[in-house]
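Shown next, in structure tokens, is the structure this report addresses.
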Amino acid sequence: MNARTPGDVGVAANVAAKVSSSASSDVVPQAPSATLSVAELRQHFKSGKQALLDDFASAKASVSAAARLMRLLAKHVDGTLQALWTQSGIAAAAPEAALVAVGGYGRGELFPHSDVDVLLLLPDALPDGVTPDQPGPLKHAIEAFITACWDIGLEIGSSVRSVKECLDEAAGDVTIQTALLEFRWLAGARPLVKRFDQAFCAAMDKRAFMRAKTLEMRQRHTKYEETPYALEPNIKESPGGLRDLQVLIWIARGAGLGKTWPQLAAKGLITPFEARQLQRNEGVLKSIRCQLHLAARRREDRLVFDLQTSVAERFGYESTRSLRASEKLMRRYYWAAKAVTQLNQITLLNLEEQINGTVGNELRPVDERFLERSGMLEIATDDLYEREPHAILETFLIYQQTPGIKGLSAKTLRALYNARGLMNSAFRRDPANRAMFMRILEEPQGQTHAFRLMNQTSVLGRYLWVFRRIVGQMQHDLFHVYTVDQHILMVLRNIRRFFIPEHTHEYPFCSQLAAQFDRPSALYVAALFHDIAKGRGGDHSDLGAAEARRFCRAHGLPKADAALVVFLVEHHLTMSRVAQKEDLSDPEVIQHFAQRVKDERTLTALYLLTVADIRGTGPKVWNAWKGKLLEDLYRLTLRALGGAKLNMAAEIEARKQEARQELALKAQLPGTEDALWKTLDLSYFARHDAPDLAWHARALWRHVESTVPVVHARPSPVGEGLQVLVYAKDLQDLFARICGYFDGAGFNILDAKVHTTRTGYALDTFQVIAPELDLHHRDLTALVESKLGQALVAQGPLPEPRKGRLSRRVKSFPFTPRIALRPDERAQRWLLSVSATDRAGLLYAIARVLARHGINLQLAKVSTLGERVEDTFLLDGAALQQNRTQLQIETELLDALSVQ
């Protein structure tokens, strides 16, 4: 390498000045001279690139600015590589060799921090004694070239191959074949590049290539959960991303059908309008990706939470009272990704027909307006929707009704895409269209696929204008993992599955109730509207109920169904709140809830919607314990609605008798339970079901007066995790010590029932899961019984809660902790409600505060919603009667809940 001399510094400064002066104009930084040293080239390249990035950052974010930056970056790299090629001596060692740009760089565009892929192309026959692998001038020249590239700051991906080697490698690896498809000459012998082009085109199997790229795309879509609406989408790889557009160009290019959107339009594969839409949305995605690279200061293709606000601000978005700047950016991205998804389907189907020669396949009439070709629904004439707008919605009814139809043809998708302007206010008010929409809802099958397809083709948002407002709407509540429209369609899918016999095994009780429900369509409407008013500010349940009422009136729903739909939308969060936050052993809680729902039909509908809604928020939110709480609330309320007032004494006696029977089945002697039960009051029996009563009695009958803590654990009878029983002399900090053990051992507490016997013993039952521990139930049981017992006899102060790492999502969308401490309806106990960001040690931190002030905890309901917790505690203690102490407790709790 050339050493840097003092004189070089002046040259480099001059180069930098020239670059800086040209950066504000649409001129590529001057191509470097081949006589510059490596140090000078490094300075030239670094200064030139930085000037281009600075110019881009200072300009208003736009599609044209991004396109210009990518073009100029590629040209800047071109000039640098050409200078290095000249210096390398490769041309002298192998005069027929050439330097070729491949991959994304081969397209003549570079994102700010993308790799630079190049191919050093060699002829099949080199001069005698010359080889790139053996020591000699050629090998040394190639090594010098690649080393120099890295020395000046070019992150290149390089390969050295002959023409034959390129063809052999491409035949065995579609990724290499794809990279070579977009080659571009940079330096060296043009005739060799031309021969390579001819040989490569001759070797291309267009059908095999299309099949490989299509399968590759489907696999990629599966990896990204088949949706463009991920909350942290990969702009390049996610469905609806840049890669989907590149696949179309690759397939067309491989088949000789064109290299640009206008060329595809000229071949009749897309319309000129579609070509403009593809260019426009591709520009939006490229612009966002450029700004993302700039914000991250590195190659980053995921629009992660940490960077969304920064990128949004680069586009000039500002937060308002109802929408964050990042939400505005994401909505723009989702709309572009949705359009790309639609246009990708249309173009890909046309390419497949053209390449496979299936354009002339036999058409089977479905009716006078629709045909079926190769399993795809096709309109009979191109102008069908213009002549008969009613056929737009009829398309999806036919899709539901016709066996063997697996999708819409390119012709139909194109017609729907072009018919968006027809779906105006008059279209929405048309009685025939309203009737058709209700027929789609009332069909015995196919709602899930029909409504997803309606959303993908923008028909759903055009017909239900209120739905259009939540397409691509993000939810920053730390537990929804889908956009609002995708969540709604997921809830619709979940309800629909309750009515499908093949899915009975998933939620048998829900399927049993659904089989007896008279009007499924009312539930489908409620699902569509339950979150329809998200993002407006105000209570989305009340606003959504008003929208549902208007829909029901406009679509002529029977009075009873309309009332049910409005009630479900207005109260779709109520059942979940009661089940997870209130004491279900309290008859007044059940009676109050029964008075609200009024009848069995409404109760059943609300239960089905609640289960479907919780399951539709994300894969980590639903668990078996939540299912049990909801089912318990349903059964208790059903009894209350039947007129059977809860007779607590009779209920407890029935539970005791059932527990005795279970003890007998476990070969326990009669009276086993007496020693424990005579120390317990009614509240214990009210809060535990018969199996738990039997388990407690069997575990403790010989330990009622034990001087050491007794710990028993078993696999949870309601699903994953363990049920843990703790029996010990009651101490002020006992509950905190138990929580401290579970915190330190990596367990999450789902539920805690805390009781104190008449003889001063604590009898506590916990539902816990251990997501971080990969152990068998038997090993977990032994671990808990041993280690928790040891922790309870340990002396000394309570240890500090462990500090777990916060997720990026929590850091980006912090949730302000809230607490509410109020007396219950009888003013005998206190209810503490906590809303906070979930983190390791949270429950333990709360327990430590309560222990410090001598607060007794009787019941804990722990509800984890993704990365947010909604916990409820039933408390008593003298400290709560004093206002000053109560304020101090609330302050300490807020400090404990803080994630700082």
Under the side chain to side chain contact (heavy atoms under 4.5 Å, CB included) rule, what do Tyr727 and Thr757 come out as? Steps first, then yes or no, please.
CA-CA 10 Å; Tyr727 184 77; Thr757 70; 4.3 Å; yes
Which atom pairs, one a donor and one an acceptor, fall under 3.5 Å between side chains of residues 697-709 and the rest of the protein, sequence neighbours left out?
unit_1, atom_1, unit_2, atom_2, d
Ser706, OG, Val708, N, 3.2
Ser706, OG, Val708, O, 2.7

Under 4.0 Å between a Lys/Arg side-chain N and an Asp/Glu carboxylate O for Lys666 and Glu662?
no
Side chain to side chain donor-acceptor pair (under 3.5 Å) involving Lys628 - partner list, sequence neighbours excluded:
Asp632
With side chains defined as the heavy atoms from C-beta onward, is the minimum distance between Tyr634 and Leu629 less than 4.5 Å?
no
Any Lys/Arg nitrogen of Asp301 or Arg299 sitting under 4.0 Å from an Asp/Glu carboxylate oxygen of the other?
yes
Does Glu232 reach the main-chain N or O of Phe305 with its side chain, forming a donor-acceptor pair under 3.5 Å?
yes
Cation-pi geometry met for Lys656 and Phe685 (6.0 Å, 45°):
yes
Would you give the length of the straight line joining atom NE2 of His696 to atom CG of Leu680, rounded to the nearest 0.5 angstrom?
10.0 Å
Are side-chain heavy atoms of Asp681 and Arg758 found at a separation under 4.5 Å?
yes
Return yes if some donor-acceptor pair links the side-chain N/O of Glu300 with the main-chain N/O of Arg302 below 3.5 Å, else return no.
yes
Heavy-atom side-chain proximity of Leu725 to Phe766 below 4.5 angstrom:
no
Test item: Val611 and Asn494 side chains (from C-beta on) under 4.5 Å apart, heavy atoms:
no
Rounded to the nearest 0.5 Å, how far does CG of Asp689 lie from OG of Ser585?
11.5 Å
Do Arg848's NZ or CZ and the ring of Tyr844 fall within the cation-pi criteria of under 6.0 Å and 45°?
yes
Does any N or O in the side chain of Asn234 come within less than 3.5 Å of the main-chain N or O of Glu237, such that one atom is a donor and the other an acceptor?
yes
When rounded to the nearest 0.5 angstrom, what distance separates CD in Gln308 from CE in Met330?
4.5 Å
Could you go step by step and tell me if Arg497 and Tyr507 meet the side chain to side chain contact (heavy atoms under 4.5 Å, CB included) rule?
CA-CA 9 Å; Arg497 286 164 81 104; Tyr507 296 90; over 6 Å; no
Side-chain contact test, heavy atoms from C-beta onward, threshold under 4.5 Å: evaluate it for Thr504 versus Glu506 and give yes or no.
no
Within a radius of less than 6.0 Å around CZ of Arg297, do more than 12 heavy atoms belonging to other residues, nucleotides or ligands occur?
no
Please check if the distance between the ring centroids of His530 and His487 is under 6.0 Å.
yes
Please find the pair of heavy atoms, one from Leu693 and one from His688, that lie closest to each other, and give the distance.
CD2-CB, 3.8 Å
Is the Tyr607 to Phe509 ring centre distance short of 6.0 Å?
yes
Glu653 with Arg655: basic N within carboxylate O range, under 4.0 Å:
no
Out of curiosity, Arg635 CZ to Leu603 CG, how far, rounded to the nearest 0.5 Å?
11.0 Å
Within 45° of the six-membered ring axis of Trp695 and under 6.0 Å from that ring's centre, is NZ or CZ of Arg714 located there?
yes
I want to check something: taking the side chain as every heavy atom from C-beta on, are Phe735 and Leu850 in contact at a cut-off of under 4.5 Å?
no
Tell me whether Asp583 is salt-bridged to Arg687, with the criterion being a basic N under 4.0 Å from an acidic carboxylate O.
yes
Ile614 vs Ser576, side chain to side chain contact (heavy atoms under 4.5 Å, CB included): CA-CA, chis, key distance, verdict:
CA-CA 8 Å; Ile614 296 176; Ser576 175; 3.9 Å; yes
Basic-acidic side-chain contact under 4.0 Å: Arg577, Glu582
yes
Could you grab the distance from atom CG of Leu231 to atom OG of Ser326, nearest 0.5 Å is fine?
10.5 Å
Does the separation of the ring centres of His540 and His572 fall below 6.0 angstrom?
yes
Between Ser786 and Ala782, is there a donor-acceptor pair closer than 3.5 Å when you use the side chain of the first and the backbone of the second?
no
Looking at every non-hydrogen atom in both residues, tell me the closest pair between Ala847 and Ala736 and how far apart they are.
CB-CA, 3.7 Å
Roughly how far, to the nearest 0.5 Å, is the CG atom of Asp733 from the CD1 atom of Ile738?
10.0 Å
Would you say CD of Glu226 has more than 12 non-hydrogen atoms from neighbouring residues, nucleotides or ligands within 6.0 angstrom?
yes
Backbone N/O of Arg324 and side chain of Glu327: donor-acceptor pair under 3.5 Å:
yes
Over all heavy atoms of both residues, which pair between Leu307 and Ala296 is shortest? Give the atoms and the distance, please.
CD1-CB, 3.7 Å
Hey, are the side chains of Thr872 and Leu832 touching, using non-hydrogen atoms and a 4.5 Å cut-off?
no
Taking the side chain as every heavy atom from C-beta outward, state whether Gln767 and Ile749 have any atom pair closer than 4.5 Å.
no
Donor-acceptor under 3.5 Å (Thr672 side chain, Gln668 main chain):
no
Measuring centre to centre across the rings, with the benzene-like ring taken for any Trp, is Trp677 within less than 6.0 Å of Tyr684?
no
Does either side chain, that of His853 or that of Glu892, offer a donor lying less than 3.5 Å from an acceptor on the other one?
yes
Working for side chain to side chain contact (heavy atoms under 4.5 Å, CB included), residues Phe873 and Ile846:
CA-CA 10 Å; Phe873 306 91; Ile846 295 171; 4.1 Å; yes
Minimum heavy-atom separation for Ala879 to Thr885, with atom names?
O-CB, 3.5 Å
